[in-house]
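Reviewing the structure listed below.
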Amino acid sequence: MIGDDPLEGDEPRTDGGTDGADNVALDPWGSSSVSDYRKLFEEFGIEEFDEVLEAVPDPHYLMRRGVIFGHREYRPVAEAMAEGEPFAALSGFMPTGDPHIGHKLVFDEIIWHQQQGADAYALIADLEAHAARGMTWAEIDEHARSYLLSLLALGFDPEEGTLYRQSAEREVQDLAFELGAEANFSEFQAIYGFDGETDVSHMQSVVTQMADILYPQAADEPKPTVIPVGPDQDPHVRLARDLGERMRYFKVSEAYASFELTDDERDLVAEAYDAREEYADDPETPRCEAAATWLEAAVEDGPALESTVEKLANGGKEPLRPRTRFFDRRATDEAFEGLIDAVEGEKRVYDSHVDAFDLEVAEAEELARDLEVEYGGYGFLPPSSIYHRFMTGLTGGKMSSSIPASHISLLDDPEDGYDKVRSATTGGRETAEEQREKGGKADECPVYELYAYLLAGDDDEFTKEVYDECVGGERLCGDCKEQAAQLMREFLADHQENREEVEELLEGTDVVLESPRR
Ligand code: TRP
Ligand code: SF4
């Protein structure tokens with residue numbers, strides 16, 4: 001069973017750097033590293049972040065440097081940001097250990113979106129930690145507090161944003177229950193590899209995460225919402241997008257006649273409609289049966305052909321005529337009646353759908369959503385996501401909480417942080433001489449990553465300088481690590497001081513710090 005890390009075993013290299021050798025562009029931030037993550041684009045349909053970058057008004061350095069490498073439908077979020085319209089950002093943390101520099105990426109992403117005007121949410125996934133990782137409630141309380149302190153220390157504004165823990169947020173639990181009615185076990189099996197041995201509570205933690213992801217819209221109104229996470233969370237994002245859609249009252253689609261069509265069938269009928277001059281006695285009213293005959297002769301056999309021809313033949317003399325359809329998926333009777341009244345222009349009403357002849361699909365979508373919200377539905381927009389690269393471990397390989405030397409905890413003693421960086425693996429050459437001659441391999445260097453992901457902060461010049469000096473052979477690993485180690489020591493000392501300063505701020509929020517559960 002996979003559960004916590006849905007892509008495990010099928011994962012891209014997590015080197016976080018760039019290609020190096022075959023890439024002569026030497027672009028420290030660019031897309032040169034994308035080939036490592038290619039599988040995610042090709043097989044999972046994640047889109048490249050580069051493609052949406054220009055739509056972001058003032059992109060975060062993690063975006064500029066390609067650390068945030070992928071997304072699903074981020075454009076509406078970027079547009080809302082640019083236009084000063086409502087949008088939200090939400091992510092969650094499983095309190096299984098100390099917060100580390102990998103979590104900092106996500107903290108920073110939430111905080112940045114909040115600063116750009118998002119309604120920001122951060123949640124403690126305590127149900128998931130308990131169900132999927134077997135953490136006790138006492139452990140969870142301790143870690144939860146620590147995550148929240150780091151989040152606040154890094155700049156999250158709890159007065160503007162929302163903090164909660166899954167177990168204590170009644171509205172999230174209620175929404176989880178509703179969403180659970182739209183999902184079934186086979187689906188969980190297919191997505192997460194769950195089987196007969198899987199705890200029921202673990203499954204409940206999945207529907208809870210679905211509710212988390214949709215919560216910003218449920219608590220307020222439908223709005224673009226971004227979920228910043230690592231790509232391992234993508235299966236959750238996809239399922240949440242599906243479930244959000246299944247909760248919708250109406251499905252808006254294009255149609256050509258009174259009967260329903262699948263997407264493939266609709267494409268064929270559209271083809272037949274476009275060719276109406278060829279077979280219709282009167283091209284104003286091409287008959288279904290004539291379209292069926294034409295289609296059968298003109299189109300090569302494909303999966304949907306037979307069923308389309310049959311549906312058209314059954315349509316007999318009914319004319320094909322393009323229209324926008326509101327299909328009643330799960331609307332209340334009142335909402336359906338309300339829709340009928342609200343559709344302007346020529347319309348035709350059937351048992352479970354309404355066809356509108358003077359309405360574009362986009363207008364119809366808007367009307368359907370407004371109506372749904374007016375009649376008490378959620379009207380969810382599909383949630384969006386952005387994905388960041390995983391950091392390479394300081395010892396090479398994966399950054400893992402079970403290998404302390406491989407990662408830096410935000411609670412590490414600053415001196416230990418210094419030491420860990422000093423003893424990190426690098427992309428350096430065997431000898432100083434070779435390094436001067438050939439340059440270092442910044443793209444394969446965990447220390448360079450530390451600069452790009454964290455230590456250089458917003459300073460692109462500095463990041464580029466480190467990169468160029470390294471690959472140009474002017475920078476040697478000893479000095480480079482010394483500089484990074486000092487910066488890390490400073491960062492940790494500052495961060496820990498800030499954590500102390502936000503203690504009171506945290507106490508002042510209404511997030512439940514001590515669970516009554518034991
Ligand atoms: N499953 C996430 C993790 O393993 C935690 C999580 C719970 C989450 N709910 C969420 C992440 C909602 C993003 C959005 O860390
Ligand atoms: Fe890495 Fe710095 Fe060495 Fe380059 S010089 S390989 S960036 S440690």
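Read the numbers this way: they start at 1 and go in the same order the structure lists the ligands and their atoms.
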Pick whichever of V206, D212, I110, I213 has a heavy atom sitting closest to atom 9 (N) of ligand 1.
D212
Give a yes or no on whether C445 keeps an N, O or S atom under 2.8 Å from atom 3 (Fe) of ligand 2.
no
Which atoms of ligand 2 have any heavy atom of Y448 under 4.0 Å away?
7 (S)
Would you mind running through ligand 2 and noting each atom that sits below 4.0 Å from a heavy atom of T426?
8 (S)
Tell me: protein heavy atom nearest atom 2 (Fe) of ligand 2, and distance?
C480 SG, 2.3 Å
Run the numbers for me: atoms of ligand 1, each under 4.0 Å from some heavy atom of I227, listed by number.
13 (C), 14 (C)
Closer than 4.0 angstrom, basic N to acidic O: yes or no for E51 and R75?
yes
How far is atom 3 (Fe) of ligand 2 from the closest protein heavy atom, and which atom is that?
C477 SG, 2.3 Å
At a non-hydrogen distance cut-off of under 4.0 Å, which region of T208 contacts ligand 1 (side chain, backbone, both, or neither)?
neither
How far does CG of D510 sit from CG of L513, to the nearest 0.5 angstrom?
10.0 Å
Between R422 and E482, does any NZ, NE, NH1 or NH2 come within less than 4.0 Å of an OD or OE carboxylate oxygen?
yes
Centre of Y418's six-membered ring, under 6.0 Å away, within 45 degrees of the axis: is that where NZ or CZ of R489 sits?
yes
Proximal ligand 1 atoms for Q166, defined as those under 4.0 Å from one of its heavy atoms:
7 (C), 9 (N)
Ligand-residue contact atoms, ligand 1 with E128, heavy atoms, under 4.0 Å:
1 (N), 2 (C), 4 (O), 5 (C), 6 (C), 7 (C)
Identity and separation of the nearest protein heavy atom to atom 4 (Fe) of ligand 2:
C470 SG, 2.3 Å
At a 4.0 Å threshold, what atoms of ligand 2 neighbour a non-hydrogen atom of G427?
6 (S)
Does the distance from a Lys or Arg side-chain N to an Asp or Glu carboxylate O, for D126 and R517, drop under 4.0 Å?
no
Are any of the side-chain nitrogens in R248 or E372 under 4.0 Å away from the carboxylate oxygens of its partner?
yes
Looking at Y451, is R475 sitting on its ring face, NZ or CZ under 6.0 Å from the six-membered ring centre and within 45 degrees of the normal?
yes
Ion pair check, E245 and R329, cut-off under 4.0 Å
yes
Ligand 2 contacted by E444 (non-hydrogen, < 4.0 Å)
no
Salt bridge flag under 4.0 Å for residues D460 and K464
no
Can you list the atoms of ligand 2 that are under 4.0 Å from a heavy atom of G428?
6 (S)
Under 4.0 Å from any heavy atom of L90, which atoms of ligand 1 are there?
12 (C), 14 (C)
One residue to check: E469. Relative to ligand 2, which of side chain, backbone, both or neither has a non-hydrogen atom less than 4.0 Å away?
neither
Min side-chain heavy-atom separation M210-V172 under 4.5 Å:
no
For Y121 and Y215, take the angle between the two ring planes, folded into 0 to 90°, and tell me which bin it lands in: parallel under 30, tilted 30 to 60, perpendicular over 60.
perpendicular
Which atoms of ligand 2 have any heavy atom of R475 under 4.0 Å away?
5 (S)
Look only at interatomic distance and state if Q233 has a nitrogen or oxygen under 3.5 Å from any nitrogen or oxygen of ligand 1.
yes
Does the distance from a Lys or Arg side-chain N to an Asp or Glu carboxylate O, for D413 and K420, drop under 4.0 Å?
no
Could you tell me whether S91 and ligand 1 have an N or O pair separated by under 3.5 Å?
no
